[in-house]
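Before any comments, here is the structure.
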Amino acid sequence: MSRVVLPFLAGYYLSYVFRAVNAVLGPGLAAEFGLSAAQLGLLTGVYFFSFGLVQVPLGVALDRFGPRRTNGALLVLAAAGVWFFSTARSYEELVLARAIIGLGVSACLMASIQAFVLWFPPERTATMIALAYSMGGLGALTASLPFEIALRSYDWRQIFHAFAAATLALAAVFALVVPEHPGARRAAPLRELFSGFRQIGRDPAFWRIAFCVGANQCAVLSLFTLWITTWLRDVAGYDRAAAAAALGWVAVALSAGYLFFGRLADARAREGRPILPLLAGGVAVSVACLAALTLGVTTGAVLLWAACIFFGTGSTLAHAIATRRFPREMAGRVNTALNTFTFMGVFIGQWASGAIIGLWPPTETGYEPKAYFYALGALSLVQASGLAWLWSGRRHFSS
């Protein structure tokens, strides 16, 4: 079983390194290429845009060809994108390369979830999904203080050369080592596979939970993968090393949150109790923490950020809830449909936050501190609205 679990976890680990690396690398790129806050937001967010853009056809590919083949093939594209990023000489090349990286790793999480749905019994699904998400937290941790320390000895381009080699090696592992599940591939016609999305779209519960997870990640993930470190610098007065170290603690909270909510959800499922209140409770606490940060609270700032991200991971229970509402053979399409909302939400959150922050002239050391009140405030409202709409329609989840 380790030949199944470990490579899929490694793929999501690498994808999260690429997802979160701009939180530390971003200010350096902004200085090297002369980027505004909006440009930095777009550069970071385009990964999520391309990622989200392919989720619907990706779901069909996962259900038709299986998670091993789909993930392995796309990782080759990711390796090419990472190499292109490391050689970029203009802002436009950086944006294009990061978009290619997003396309290349777009299957890492969804392929992991589908593989675990195929290989493990339903009562262990939430725990295995949580394990996959926790590896994302480890990737985020790697992209924080360890990456900042590596930058003291190596140029960021050299580090990305190593990332490209590691990604290509993992693609080879999928081709040569990972076994194929006998039920992973379906010979159903493409029309039949695409028609499954109509079934998903007719479920009112799906739309509510999809909007909730998208709104939550619009706030939580867009901040975690870029704007937390700039907030710590501009509002709380941290230097680069201290901000990277703080991000590391928040990454630990991210991993812990995934495991906490996953194990608790499985325990509730075994007792026949619904998971939805657990998801809603986590998001509600996350909203409260973000509201405090919006108001400029800097006392215990790292703890507040850690709590915001920890409880925000509760929204990922949406996958466990949604997949149980549809036939098992539709797992790839259900999860990628949800992921479309997640990553488009993050793209909008990162780009919009940068656009809002960019409305104020930059300071000598970064961005205008009061701009964060409006950027974080907007994200708080989006996150709260997603939760409110989900909870107002909770009767749909009793069916």
Side-chain angles (χ1 to χ4, degrees), residues 3 5-33 35 40 43-44 46-48 50-51 71-91 93-109 111-112 132 134-178 224-226 229 240-241 243-245 247-248 251-252 254-255:
R3 290 194 300 146
V5 175
L6 294 180
F8 280 105
L9 293 182
Y12 189 51
Y13 165 81
L14 274 177
S15 77
Y16 221 107
V17 171
F18 302 140
R19 183 183 305 182
V21 72
N22 271 16
V24 172
L25 183 61
L29 291 177
E32 180 178 342
F33 290 90
L35 308 182
L40 180 58
L43 171 61
T44 306
V46 73
Y47 166 102
F48 299 96
S50 63
F51 199 117
N71 204 22
L74 284 173
L75 282 172
V76 176
L77 180 62
V82 175
W83 183 267
F84 183 28
F85 191 87
S86 71
T87 61
R89 298 297 173 185
S90 68
Y91 173 67
E93 289 180 354
L94 286 174
V95 170
L96 178 58
R98 189 154 167 84
I100 294 172
I101 295 171
L103 286 172
V105 299
S106 61
C108 287
L109 176 60
S112 298
S134 70
M135 288 303 295
L138 183 59
L141 181 61
T142 303
S144 59
L145 185 59
F147 185 75
E148 196 278 330
I149 292 173
L151 286 173
R152 301 174 192 175
S153 302
Y154 302 96
D155 181 76
W156 68 268
R157 297 179 187 274
Q158 295 174 312
I159 297 173
F160 269 76
H161 290 162
F163 284 159
T167 306
L168 191 60
L170 184 58
V173 169
F174 274 96
L176 302 174
V177 178
V178 179
F224 175 71
T225 54
L226 181 59
T229 49
R240 190 180 82 169
L247 187 66
V252 170
L254 180 81
S255 289

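All residue numbers refer to positions in the sequence shown, counting from 1. For the numbers below, each heavy atom of this structure counts, side chains included, while hydrogens, waters and symmetry mates do not. On a predicted model such as this, the values are computed, not experimentally measured, just so you know.
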E148/R152 salt bridge by N-O under 4.0 Å criterion: yes

Can you tell if the side chain of [X] reaches within under 4.5 Å of the side chain of [Y], non-hydrogen atoms only?
{"X": "L77", "Y": "L103", "result": "yes"}
{"X": "Y12", "Y": "R19", "result": "yes"}
{"X": "V178", "Y": "R3", "result": "no"}
{"X": "M135", "Y": "Y16", "result": "no"}
{"X": "S255", "Y": "V252", "result": "no"}

Aromatic centroids of [Y] and [X] separated by under 6.0 Å:
{"X": "F33", "Y": "Y91", "answer": "no"}
{"X": "F18", "Y": "Y47", "answer": "no"}
{"X": "F48", "Y": "F51", "answer": "no"}
{"X": "F8", "Y": "F174", "answer": "yes"}

Could you report the tightest heavy-atom contact between [X] and [Y], atom names first, then the distance?
{"X": "L43", "Y": "R98", "answer": "O-CD, 3.0 Å"}
{"X": "A99", "Y": "S50", "answer": "O-OG, 2.7 Å"}
{"X": "A10", "Y": "L170", "answer": "C-CD2, 3.8 Å"}
{"X": "G81", "Y": "I101", "answer": "C-CG1, 3.5 Å"}
{"X": "A143", "Y": "V24", "answer": "O-CG2, 3.3 Å"}
{"X": "L109", "Y": "A132", "answer": "CD1-CB, 4.4 Å"}

side-chain contact (heavy atoms from CB on, under 4.5 Å) partner of T44, chosen from N22, L25, V95: N22

Derivation and outcome, side chain to side chain contact (heavy atoms under 4.5 Å, CB included), residues L226 and L40: CA-CA 9 Å; L226 181 59; L40 180 58; 4.2 Å; yes

Inter-residue atom distance F163.CZ - T167.OG1, 0.5 Å rounding: 8.5 Å

From L254 atom CG to L141 atom CG, the distance as rounded to the nearest 0.5 Å: 10.0 Å

Full working for side chain to side chain contact (heavy atoms under 4.5 Å, CB included) between L75 and C108: CA-CA 8 Å; L75 282 172; C108 287; 3.9 Å; yes

Cation-pi check, R157 onto F160 ring (under 6.0 Å, within 45° of axis): no

Geometric class of the W156/F85 ring pair [parallel <30°, tilted 30-60°, perpendicular >60°]: perpendicular

Donor-acceptor under 3.5 Å (T229 side chain, A23 main chain): yes

Any donor-acceptor N/O pair, S90 side chain to E93 backbone, under 3.5 Å: yes

CA sep, side-chain torsions, deciding dist, call: L74, V105, side chain to side chain contact (heavy atoms under 4.5 Å, CB included): CA-CA 7 Å; L74 284 173; V105 299; over 6 Å; no

Exercise: do Y13 and T142 side chains pair donor with acceptor under 3.5 Å: yes

Test log, rule side chain to side chain contact (heavy atoms under 4.5 Å, CB included), inputs Y154 and I149: CA-CA 9 Å; Y154 302 96; I149 292 173; over 6 Å; no

